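Step one of this worksheet: look at the structure below.
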Amino acid sequence: MRDVAIVAAGMTRFGELWDASLRDLFAEAATEALKNAKADHLDALFVGNMSAGQFVGQEHLGPLLADELGMAGVAAARVESACASGGVALRSAFIEVASGASDVVLAAGVEKMTDSTEVTEVLATASDQELEAYHGITFPGLYAMIARAHMERWGTTEEDLSWVSVKNHKHGALNPKAQFRSAVSLDDVMRSSPVAEPLRLLHCSPVSDGAAAVLVVPLADAKRYTDRPVRIAASGLATGPMALASRKDIAFLDAVEASARRAYKMAGHGPADINVAEVHDCFAIAEICAIEALGLVERGTGNAAARKGDTALGGRLPVNTSGGLKAKGHPVGATGIAQAIEIFEQLRGEAGARQVADARVGLTQNMGGSGASSVVHIFERV
Amino acid sequence: MPSPRYWREVPARFRLEAVRCRGCGKVVYPARRVCPGCRGTDLEPLALSRSGTVVTSTVIHVAPAEFAMETPYAVAIVETPEGARLMAQVVDCELPEVKPGLKVNLEFRLIRQEGHGGILCYGHKAVPEA
């Protein structure tokens, strides 16, 4: 396998972007990445997208979006793994370049959610339709069940969940691309309306539009495009049982642990080597479970991390410096790429007010559904 | 849900038909061709008991359109005496009492109506033991 690097990134603002279509969003992010690298061609394009077919009635995004760049003819395909689609698109690009099959690959992600009137129903298709959605469960409902199981097992409280939201909003307030650039208080979170008990509105990531793209090339070619490439040291993908009822421990995300184990092994790093991480906080409980399964904290202690400030900017291990899905926004297919862009900027020292001092190794974790798929990438400053 | 799909799911939804793996003993609901525990394919049919215990739960306040008139409603994962786990709404009770450890019976109920034809879709809901 060849060493692989990210050399450029492009990203729209995340939010309710009513004046932009799916293809507008993609084209904005993709052209920014290509322009930043001064790249004049692509060998391949992978587009992470969960459900354009249901959100805007458009499938077959590979050719549509290659054409949108004036690159009809290029190898292009959509990649889907629910909310992990962006992360899996990045993995596809990584393997395409590492294998030697291609030299210049764009990994992108896009989701246009606000054109749909049935967002809750569409998202629920990432759960088990026959065993779960049939009974009226929603995505907040599935994570609420994980939260209640974590409360039973580890004594986690609603306040612990709320500190995750407070932290991520504080970070998001510093991110010009974030959907919510405002802090919220513990009281704001604890008094927000219930969505699926014990989860409240401010424990949930929003419905968002947005796109993100990164240019992936062999490390040996990287200096042609930038002075500061970021090496993709590892990619780990794993799956777990789809239905919550089929999992051994509902309060633990096995797929996240397995994806991390594979990535740590490939990178030759362990959790202690990570300086900054972006994890999939689609709901506050998801960040708590993710940092446990990634080994960034001990199992059962993730509930205290945000409250104690360990995972805040300036803490022992800053998590979701971008604001996370909670504050930055969660256009589902774009999320995995946007996470990689936050780490790319952190390792290049370009994160401005969100910069983690001397960050050398970063990690992203992007998951699908209620944690049935998870993809972890590890990045290194070159 | 088109009617053939609904009809196909009747054994699991109406009769709670599961399988027990003759290799590792795992009980799997609904029936499958391959045991998720040991990948064995020698599976014997088994009907689940219509009772169980709540493992975890939630109360839904923001629902999909077809359940919007029912909010707030409780949904739980219930473990049957055979060790199978399934998701079901918990009804005929005060919502705050739906917590892990609650003993329930599984009763045959209307779950939803689907499509323009309003097909009545049945299944099981959990009701706390008296």
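Just so we're on the same page: letters track the sequence lines, and every chain starts at 1. Note that this is a predicted model, so its numbers are computed, not measured.
- Among A133(A), P140(A), A147(A), A196(A), the residue making the largest number of heavy-atom pairs under 4.5 Å with chain B is A196(A).
- If you measure heavy-atom distances from L131(A) to chain B, the contacts under 4.5 Å come from both the backbone and the side chain.
- Counted within 6.0 Å of CD on E44(B), heavy atoms from surrounding residues, nucleotides or ligands total more than 12; the atom is thus considered enclosed.
- Distance check: E197(A) CD to K99(B) NZ gives 8.0 Å after rounding to the nearest 0.5 Å.
- With a 4.5 Å cut-off on non-hydrogen atoms, S246(A) touches chain B through its side chain but not through its backbone.
- The NE2 atom of H124(B) lies 10.0 Å from the NE2 atom of H135(A); values are rounded to the nearest 0.5 Å.
- With a 4.5 angstrom heavy-atom cutoff, R247(A) touches chain B only via backbone atoms.
- Side chain of E152(A) to main chain of T56(B): no donor-acceptor pair is present (N/O by atom type, distance under 3.5 Å, no hydrogens or angles).
- Heavy atoms closer than 4.5 Å to chain A are found in both the backbone and the side chain of A65(B).
- Of the atoms belonging to A76(B), it is backbone heavy atoms, and not side-chain ones, that fall under 4.5 Å from chain A.
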- [ ] Might you work through the side-chain contact (heavy atoms from CB on, under 4.5 Å) test for V75(B) and M145(A), ending with a clear yes or no?
- [x] CA-CA 9 Å; V75(B) 187; M145(A) 288 190 180; 3.6 Å; yes
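- Looking only at heavy-atom pairs under 4.5 Å with chain A, the residue among V62(B), V28(B), L86(B) that has the most is V62(B).
- Heavy atoms of E121(A) lying under 4.5 Å from chain B belong exclusively to its side chain.
- What you find for R5(B) and E130(A) is that their closest heavy atoms are NH2-CG, 3.7 Å.
- Interface check for chain B: of the options A243(A), A124(A), G136(A), the most heavy-atom pairs under 4.5 Å are formed by G136(A).
- For L142(A), the part lying near chain B is the side chain, with the backbone staying farther off; criterion is any non-hydrogen pair under 4.5 Å.
- At least one side-chain heavy atom of I60(B) sits under 4.5 Å from a side-chain heavy atom of T138(A).
- For P100(B) against R148(A), the heavy-atom pair with the smallest separation is CD-CD, 4.2 Å.
- Surrounding CZ of R191(A) are at most 12 heavy atoms belonging to other residues, nucleotides or ligands under 6.0 Å away.
- The choice from P64(B), S57(B), A12(B) that makes the most heavy-atom pairs within less than 4.5 Å of chain A is S57(B).
- Summarising the geometry of Y134(A) relative to F67(B), their closest heavy-atom pair is O-CZ, 3.5 Å, with the distance given to 0.1 Å.
- Looking at V98(B), only its backbone comes within 4.5 Å of chain A, counting heavy atoms on both sides.
- The neighbour count for E129(B) CD, taken as heavy atoms of other residues, nucleotides or ligands under 6.0 Å away, is above 12.
- Screening I146(A), I137(A), L199(A) for a side chain to side chain contact (heavy atoms under 4.5 Å, CB included) with T58(B), the sole residue that qualifies is I137(A).
- Contacts between A149(A) and chain B at a heavy-atom distance below 4.5 Å involve backbone atoms as well as side-chain atoms.
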